[in-house]
Number of protein chains: 2
Amino acid sequence: MRILVIGGVAGGMSAAARARRLDEHAEIIVFEKGKYVSFANCGLPYHVGGEIEQDSYLLLHTPDSLKAELDLDVRTEHEVISIDRDAQSVLVATPEGTETFEYDALVLSPGADAIVPPIEGMDLPEVTHLRTVDQARSLAVRAADARRAVVMGAGFIGLETAEALRHRGLEVTVVELAPQVLPPLAPEMSSLVEKELRAHGVDVRTGVAAVGVVKDPAHEGVTVNLDDGGAIGADIVVVSVGVRPSSALASEAGLEVDGRGAIVVDDQQRTTDPHIWAAGDAIAVRHGVTGQVGPVPLAGPANRQGRRAADSIMGRIDKAQPVLGTAIVRVFGETAAMTGASPRMLDMAGIDYFVVHTHPANHAGYYPGSQVLHLMGVFSPEGKLLGAQAVGPDGADKRIDVLATALRAGMDADDIAELELAYAPPFGSAKDPVNMLGFLAQNVVNGTTRTWSAKDLEWARDSALILDVRSEREYAMGHLPEALNLPHTHIREYIEGVKQIAAGRPVRVLCASGVRSYYAHRVLAQHGLDSATLDGGMFTLVESVPGLELVHGTAQPANA
Amino acid sequence: MRILVIGGVAGGMSAAARARRLDEHAEIIVFEKGKYVSFANCGLPYHVGGEIEQDSYLLLHTPDSLKAELDLDVRTEHEVISIDRDAQSVLVATPEGTETFEYDALVLSPGADAIVPPIEGMDLPEVTHLRTVDQARSLAVRAADARRAVVMGAGFIGLETAEALRHRGLEVTVVELAPQVLPPLAPEMSSLVEKELRAHGVDVRTGVAAVGVVKDPAHEGVTVNLDDGGAIGADIVVVSVGVRPSSALASEAGLEVDGRGAIVVDDQQRTTDPHIWAAGDAIAVRHGVTGQVGPVPLAGPANRQGRRAADSIMGRIDKAQPVLGTAIVRVFGETAAMTGASPRMLDMAGIDYFVVHTHPANHAGYYPGSQVLHLMGVFSPEGKLLGAQAVGPDGADKRIDVLATALRAGMDADDIAELELAYAPPFGSAKDPVNMLGFLAQNVVNGTTRTWSAKDLEWARDSALILDVRSEREYAMGHLPEALNLPHTHIREYIEGVKQIAAGRPVRVLCASGVRSYYAHRVLAQHGLDSATLDGGMFTLVESVPGLELVHGTAQPANA
């Protein structure tokens, strides 16, 4: 049996290695059009930033090591240029000319291509991408002499690149078309990351498009022109605006691809040709929450898809799980992570949900070094987990991994409240942040709590009594102009007063993070008031409403 | 409605707080026999060690703060001395005398008492426990003047205490009756922790019992006499040999307790009296894997049991989940964590299982600072997860939390292999250590791999060809005397030679961690040899066989 694999990085190399372990006697040839196989894609920005000093660390294997270890015939700088499905053969451009190879099984793992915006100047020498080892090497070298960089695109890799260049001492501007950095995150989570970027001197421009890159006649370098009239000088421009499936070879061979160009496969990674399998960034996968199908370019799924393709070739059944889109990025001192569906994805898919936010400490607050972790959960109206996001300096990865596991298991708020996680003061709390998220969602589902949020703010300002139950000191440091201050420890004492001031209006309670306002809400609700507690408290509100004006001092509002 | 709560720490305080949030109008009285309520039990060793400098950090709430925040009537130094179930009343010893209180609902959360070994000297002033804030304060003060400490008991709290006293500069000896520290861990995991203790200058004595503590007439302090004839001088002796349910009050009132003295409750936390609920260290819980019932003194479950008791009192159904025993301890630079059943527990319960060990990096090996994480999974013969343990300087907590979630969800090896966890180089690997554990178990279940382990060593030495497929350099640094060295990259080249030397014997392959020997095993098995790969490699073998003798140099064995 001869197995040909197209693409020698995550998906392709996983397929080849697994195939060899299952069948010592198969002939396995891997074609890689680039110079390197099995390199550490996700490590490229860290080489640019100098954290991974040796570029050799990025090269996990060589054709020689793969021959010795796995008896793989790995051919770099070999580009497959066509597939003849009837003949079961591929035509390959080699350094010595073209050559035809027949196959019994073919695995496509061609990856994805960087999207190049259709604007002028993309071919200037100052403009680069960060997709290959050579590009990383070159960028690392050029960064040493450059002063100013523009990163186009504030996705995961764009922000890693911005941080890397900042570590190298450059002035860095990030330009993002979307109104926020890290578009997959909810805006109020993303804004925490944006603050971290600004705190480290990165100039962040969101909601703006680059319309062209032109040589600067007066100075060295180029000018990046923006559609808001802005212009940014740069010595280096890194384009990181996304990728699209590299599926031309597949579609030209008549294999089915979807509307976004992703190769269609079944749950055994088989394409519409029974002798051809596919894995990695080029294929369409089903999202585990929304059910929507499309490309999801992530390393973890790519590896497992490759492994599964080999299993299927060898006649083993190993059914694909839908993809949850679990992803993480470190941005200076903060980490942002997510799994499952975001509110925006659910809006687009027409799926009902509610959201809860919490801001617990990463570990027991009484143990030194505890820091705030911002955690968001997305649940169905019945309490089923649909997605989660976390931002914080420590512990975000752990909580998202736990919630990704809970999501895969189909857990609901009750299950999450009951998760029995490892607790000692340096690691967590007896009620872990994940449990807290479960408690919050449970309380919403069964009506113990009722929340309000930024979208209700305008209405609340007009029509409700906004009760700020933080301490006088916290209130004085910044509060909504309409908010009446009554610390939560006095709520019972002044319950009749609250009723009088509310004068039939609903009461909308808030505090810093949502804990004390929940306590106050329970008191008010049980005294017959139309009450609700601000989900996530002022922490979440200020991130949700850019430019929210707060009043300082202790003066109470006139209309309260 | 009047609710009385006995015990003002984890379970009791959770019950009281939850009851108030659900019912603003109930009268809720909490009786605590000690001076403090709601204190940070798990933080006590860190105060002794000086990491939590202020003892006030351990006092999370006071009766005043609980009155203001939750309208709770909290009475410290109030000990309930009997329950009259017919009258629905309790008799309470107060600082002013005894007083009777009637109840509609009673919650018992009396906790557990430290076990005092039946040996002489337990009443000496040098001997203490570490269960209360006052004991922690006193120990912190005395540690400043002391030179030598003995900690009796090498459980979680014993080791935290040993570390704390070492931080204070004392000479510390730990005495443990069991043959290992941290008895709930598998021996080969526990021995990694023992090495860490020794590396930090702790004198560890396992498999030995203290038979008495006596005043030392010649010197200051005491002598701890051991049953192996040893004697250790000490200025401080901390007894931490376990706890037993504090259930005398319950059993005297005729409530059912189990053979180990734990209060029997239903899945709503209700005791055998319909007006009495119980939570925390005093109750019997069902283990989620073995089904065995008994006390499990852990803070997380205690909090949730208290919350559930309040729900039940208020007529809400919130069924208890069985307990998994998820636990964690930091020991100097290492962390040990576990969830579910250990091999020993399964042996005792008569449940079949197999074990896999792996030693991956905590995050991408090419990213700076990666460290080895030792991970063990326990699976049913069909591949269902039964338990997991981890030891390492970083990332053990995350992997055990993920596996505790997988265990709760009833996941098997296939599910764990497919978990989609957050990957970027600083946080994990595209194939996370948890996924690796799933792959390993999958391969065992479907026969792709076949493992051998320490228990087969004697047989293998006599009857098999032991093939060490590490590099020559690794082999020279220490190998089994019987092992023939053939680096895995040469296995195909010398396959006929291996067959000749094996001469009909089975081949037992090994490498450092089990990865390369798995590759070699696949080659040998597909060439018709009776082959198996050493689970966890030399890493696990040396921890499993204390005193294992290794040969240095490159000489090959004569019998190979």
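Note that the coordinates shown come from a computational prediction; the quantities given were computed from them, not determined experimentally. Chain A is the first sequence line, chain B the second, and so forth, proteins listed ahead of strands; every chain is numbered from 1.
With a 4.5 Å cut-off on non-hydrogen atoms, B:His521 does not touch chain A at all. Looking at A:Asp23, the atoms closer than 4.5 Å to chain B (heavy atoms on both sides) sit in the backbone and in the side chain alike. Residue B:Ala406 touches chain A through both its backbone and its side chain, counting heavy-atom pairs closer than 4.5 Å. Residue contact with chain A, scored on non-hydrogen atoms closer than 4.5 Å, involves the backbone and the side chain of B:Asp401 alike. Using a 4.5 Å cut-off between heavy atoms, B:Val434 makes no contact with chain A at all. Proximity to chain A (any heavy atom under 4.5 Å) is shown, for B:Leu22, by both the backbone and the side chain. The contact between A:Leu60 and chain B is made entirely by side chain atoms (from C-beta outward), counting heavy-atom distances below 4.5 Å. For B:Arg20, the parts lying near chain A are the backbone and the side chain together; criterion is any non-hydrogen pair under 4.5 Å. With a 4.5 angstrom heavy-atom cutoff, B:Gln442 touches chain A only via side-chain atoms. With a threshold of 4.5 angstrom between heavy atoms, A:Asp71 approaches chain B through its backbone and through its side chain. Looking at B:Tyr518, the atoms closer than 4.5 Å to chain A (heavy atoms on both sides) all sit in the side chain, from C-beta outward.
Using a 4.0 Å cut-off between charged nitrogen and carboxylate oxygen, B:Arg304 and A:Glu420 do not count as a salt-bridge pair. Between B:Arg516 and A:Glu69, no side-chain nitrogen of the basic residue sits less than 4.0 Å from a carboxylate oxygen of the acidic one, so the salt-bridge criterion is not met. Contact check on A:Asp415 versus B:Arg408 returns no salt bridge, with no Lys/Arg side-chain nitrogen under 4.0 Å from an Asp/Glu carboxylate oxygen.
No side-chain heavy atom of B:Leu298 sits less than 4.5 Å from a side-chain heavy atom of A:Tyr423. Inter-residue side-chain proximity for A:Thr405 and B:Met411 is flagged as met; some heavy-atom pair is nearer than 4.5 Å.
Under the salt bridge (Lys or Arg N to Asp or Glu O under 4.0 Å) criterion, the residue pairs touching residues 320-332 of chain B are B:Glu51-B:Arg330, B:Glu163-B:Arg330, with sequence neighbours excluded.
In this structure, the separation between OH on A:Tyr46 and OH on B:Tyr366 is 8.5 Å, given to the nearest 0.5 Å.
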> Taking it one step at a time, do B:Glu418 and A:Arg308 satisfy salt bridge (Lys or Arg N to Asp or Glu O under 4.0 Å)?
Replying inline: CA-CA 10 Å; B:Glu418 282 290 328; A:Arg308 184 178 307 115; 2.4 Å; yes
